[in-house]
Protein chains: 2
Amino acid sequence: MKLLIKNALLDGEAKDLFIDGKFITRIGTNLAVEAERTIDASGKAVIPGFVNMHSHAPMTLFRGFGDDMPLMKWLQERIWPHEAKLTRTDIYWGTKLACLEMIKSGTTTFADMYFNMRGIADAVTEMGLRVLLGDTNIDNFDPQLTEKAKEHTKKVFKLVQENYGERIQMSVAPHAIYTVSGELLQWLNNFSREHGLLMQMHVAETEGEVRDSVKNFGLSPVRYLYKLGLLSPRLIIAHGLHVDEDEIRMLADHNVKVVHNPASNMKLASGGKFKFVEMKKAGVTVGLGTDGCASSNNLDMIEVMRYATFLGKVWRHDPEALKADEMLEAATCAGAKMLGLKAGYIREGYLADLSLVDMHSAAFTPNFNFVSNLVYAANGSCIDTVICNGQVLMENRVVKGEDEILEKAAECAYNLVRR
Amino acid sequence: MKLLIKNALLDGEAKDLFIDGKFITRIGTNLAVEAERTIDASGKAVIPGFVNMHSHAPMTLFRGFGDDMPLMKWLQERIWPHEAKLTRTDIYWGTKLACLEMIKSGTTTFADMYFNMRGIADAVTEMGLRVLLGDTNIDNFDPQLTEKAKEHTKKVFKLVQENYGERIQMSVAPHAIYTVSGELLQWLNNFSREHGLLMQMHVAETEGEVRDSVKNFGLSPVRYLYKLGLLSPRLIIAHGLHVDEDEIRMLADHNVKVVHNPASNMKLASGGKFKFVEMKKAGVTVGLGTDGCASSNNLDMIEVMRYATFLGKVWRHDPEALKADEMLEAATCAGAKMLGLKAGYIREGYLADLSLVDMHSAAFTPNFNFVSNLVYAANGSCIDTVICNGQVLMENRVVKGEDEILEKAAECAYNLVRR
């Protein structure tokens, strides 16, 4: 489709954007082009779609199901018993709800770790977003489960390759070093190298994980991964909260990517001192994520930008640290770069993954600094229109099928806990 | 006016609320009453209006005007030179913008510290909210300014008493111990006792303030106030971040109230370890505030509840600390109690200061726990209808005069920085 967006504010100036197929092909003023459809963006600003680099999409179904509980009690009593009962239909509607929520707050791409790839991929395909699927592997150091996981990974990889299109990218996703054996970690790493896949993993999320890693493997998590040969440009680690200076250098040396999840880290009390400044200085690409809705309860990347800067400023005692511009970059281009997407910028030749921000509200009044208002004052409700891969997913805050998604996802959630 | 709200979700059950004049007079099911107006609240929950206990309303005009800057540079180059040029018209429109923003996010009452009471009181009167006005005093330890401040306080008190109604409550508001002499502090305290006024003040906001207090007065801030005789049930301190255990006991002993402003504390890097749990345990009433929009950029009390709990959990390494229910209480009943208002609860005989929350959104899907969804997943945009003192200030997210307020406030802000 040929789509013309007229008068969108871009870097302080009203511009027209011409989208041909999935790319932004021209940006200018008063573009004389033939479009099949025109969107008037007067009073709205255009920004790249957010890239949410860590989530567990179907866990929207567990939103508010056991907050303010200690981690292990919550996992053992609330999450694990019910996760075991999730059907593909549950996964599908939970993911649809997540997609709806992401579209409504301006996210066009997300990286995910869960299970039942078909349910997730079907939902994302229909909703029009991009996803980095991660079929989460756990073998609990049981050799039989290790072999099963290998077979499963091969099967799922084939399934996704054969059945889904360009917006659905596959990755391998070992859960964490305390749930996945070194044998399986290395096998998955080889598999990812062989098939050119990215690898997602929770690393250094809690102090307990670091303590146990030293106890069990004689090394801190990043050093243990180095020893196993897992540090590579394909590796994307979620959290990376508890790492020392040498580990940051190791991550930089191997071009490992890191995803900061401030809301989850705060709510689960995992830690408040993410080393954003040190990592950036060392040359590590740092993106942002929400984590799943059972950890931090919503999928709003504007809030995540704000948490990241607020938390970074306060633990450093430095109001100048983690500026608004850096947050927007981390929430857009950094993620796009990790995924190898030509996205994250509003530029000719880049993918048409973008949002229009409605500035007719208190959050953008006055508008001395648009990015500052976006990061420090707004929330996801400022997003008016969302386009991904050249397709309009939301206009005037209306997403097709919203009512059905809310209803079906709630039904799945209530049935699930009764099962 | 007699107003009937039908089928609002209250503690998990659909109830009718009958509002006669400014009070909720009846709560029940299928109430047979004669109302002049009926609001169908099906699919919506009713909650008390938020009480924002610390703000500088007209500073909406400075939103985004100098973020990510060091405090003194920001004050000296951005804020103070422009504050000196504020006219009553600026203050009026800046306050209207603040009121609009507060109504849109469910706040019905706020405590404020600024100057030019007429501009603020006129705006609040028209917008229909309640306010605790604070005419901020600064004498910079200059005896001439001390005397001027006394005269000014008497004049302003008389002006407010004579010109404004019940929704506009006056207080005295010395800025802080580092800008107000002991002489003026004691005079203001006597004045507040004599006239039965509350007293608002910034106390123990930064480590620098504590250091200077010890250096200049030989005592930490709370101890210094104790020595001056200022600790009393009339005193409401904003921040109270850097206080020790003995000081918390002193605050409790004198029934001093404390207002926590987590967004401001994080963004300005004032400190991240507010002692909410210790204060509550000691018996201190703790409310929540946004601070002004030049400090934390928006006035959304739902976000403030979330920041307070997230920050409290993470520095304590305890995901069970500061539960969602406690946050809602701090954002509603605690503030109402500080102000002596029969509000903060949805109960018969209480003031009709309330909001209807639209639950038809991802944030409330599924709805296992309404308060959890409100505090952990929602934002101000979930507020559909706001009623204060029995008057409907917003319905279906429409506030009367919104466009004019946005336009006029922006105009004032842009003219101001050009002046």
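Fair warning: this is a prediction, and the values are worked out from it, not measured in the lab. Chain naming here is simple, since letters A, B, ... match the order of the sequence lines and numbering starts at 1 in each.
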Open item on the list: I need the residue from A/C293, A/G312, A/S296, A/A263 with the largest number of non-hydrogen atom pairs under 4.5 Å to chain B.
Closed with: A/A263

- [ ] Heavy-atom pairs under 4.5 Å with chain B are the metric here; pick the option from A/L322, A/V417, A/V314 that has the most.
- [x] A/V314

Task: Expected output: side-chain A/N369 to main-chain A/S372 donor-acceptor under 3.5 Å - done: yes

Open item on the list: Keeping B/R63 on the side-chain end and A/N367 on the backbone end, is there a donor-acceptor pair under 3.5 Å?
Closed with: no

TODO: Name the region of A/D318, side chain, backbone, both or neither, that has any atom closer than 4.5 Å to a heavy atom of chain B.
DONE: backbone

Open item on the list: Using 0.5 Å steps for rounding, measure from the CE atom of B/M394 to the NZ atom of B/K400.
Closed with: 15.5 Å

Open item on the list: As an exercise: rank B/T206, B/L100, B/L299, B/L61 by heavy-atom pairs under 4.5 Å with chain A and give me the winner.
Closed with: B/L61

Open item on the list: Between A/W74, A/F370, A/Y307, A/W315, who has the most heavy-atom pairs with chain B when the cutoff is under 4.5 Å?
Closed with: A/Y307

- [ ] Step through it carefully: locate the ring centre of A/F368, locate the ring centre of B/Y414, and say whether they are under 6.0 Å apart.
- [x] yes

TODO: Using atom types as modelled and distance alone, determine if a side-chain donor or acceptor of A/H242 lies under 3.5 Å from a backbone N or O of A/S270.
DONE: yes

Open item on the list: By the definition side chain to side chain contact (heavy atoms under 4.5 Å, CB included), identify the one residue from B/L9, B/L374, B/V371 that meets it with B/I47.
Closed with: B/L374

Task: Taking every non-hydrogen atom, the tightest pair across A/E320 and B/M69 - done: CG-C, 3.7 Å

TODO: With a 4.5 angstrom heavy-atom cut-off, could you sort out which part of A/V375 is near chain B: side chain, backbone, both or neither?
DONE: neither

- [ ] Ignoring hydrogens and angles, tell me if any N or O in the side chain of A/D68 forms a donor-acceptor pair with the backbone of B/A324 under 3.5 Å.
- [x] yes

- [ ] Please look at A/E303 and chain B and tell me whether the side chain, the backbone, both or neither of the residue comes under 4.5 angstrom of a heavy atom of that chain.
- [x] side chain

TODO: Name the region of A/R306, side chain, backbone, both or neither, that has any atom closer than 4.5 Å to a heavy atom of chain B.
DONE: side chain

Open item on the list: Whether the side chain of A/N261 engages the backbone of A/G292 through a donor-acceptor N/O pair (distance < 3.5 Å, no angle test) should be reported.
Closed with: no

TODO: Under 4.5 Å, counting heavy-atom pairs only, tell me which of B/K313, B/E101, B/K267 racks up the most with chain A.
DONE: B/K267

Task: B/L406 portion near chain A, given a 4.5 angstrom heavy-atom threshold - done: both

TODO: Let me know if A/D300 has heavy atoms under 4.5 Å from chain B in its side chain, its backbone, both or neither.
DONE: side chain

Task: Contact winner vs chain A - B/A377, B/A410, B/G64, B/A363, heavy-atom pairs under 4.5 Å - done: B/A377

Open item on the list: Heavy-atom cut-off 4.5 Å, strictly under: side chain, backbone, both or neither for A/L311 against chain B?
Closed with: both

- [ ] For each of B/G272, B/A409, B/S361, tally heavy-atom pairs with chain A at distances under 4.5 Å, and name the one with the top tally.
- [x] B/S361

Open item on the list: What's the separation between atom CG in B/D90 and atom CD in B/E411, rounded to the nearest 0.5 Å?
Closed with: 10.0 Å

Open item on the list: Just so I understand: if I count every heavy-atom pair under 4.5 Å between each of A/E207, A/H360, A/K273 and chain B, which residue has the most?
Closed with: A/H360

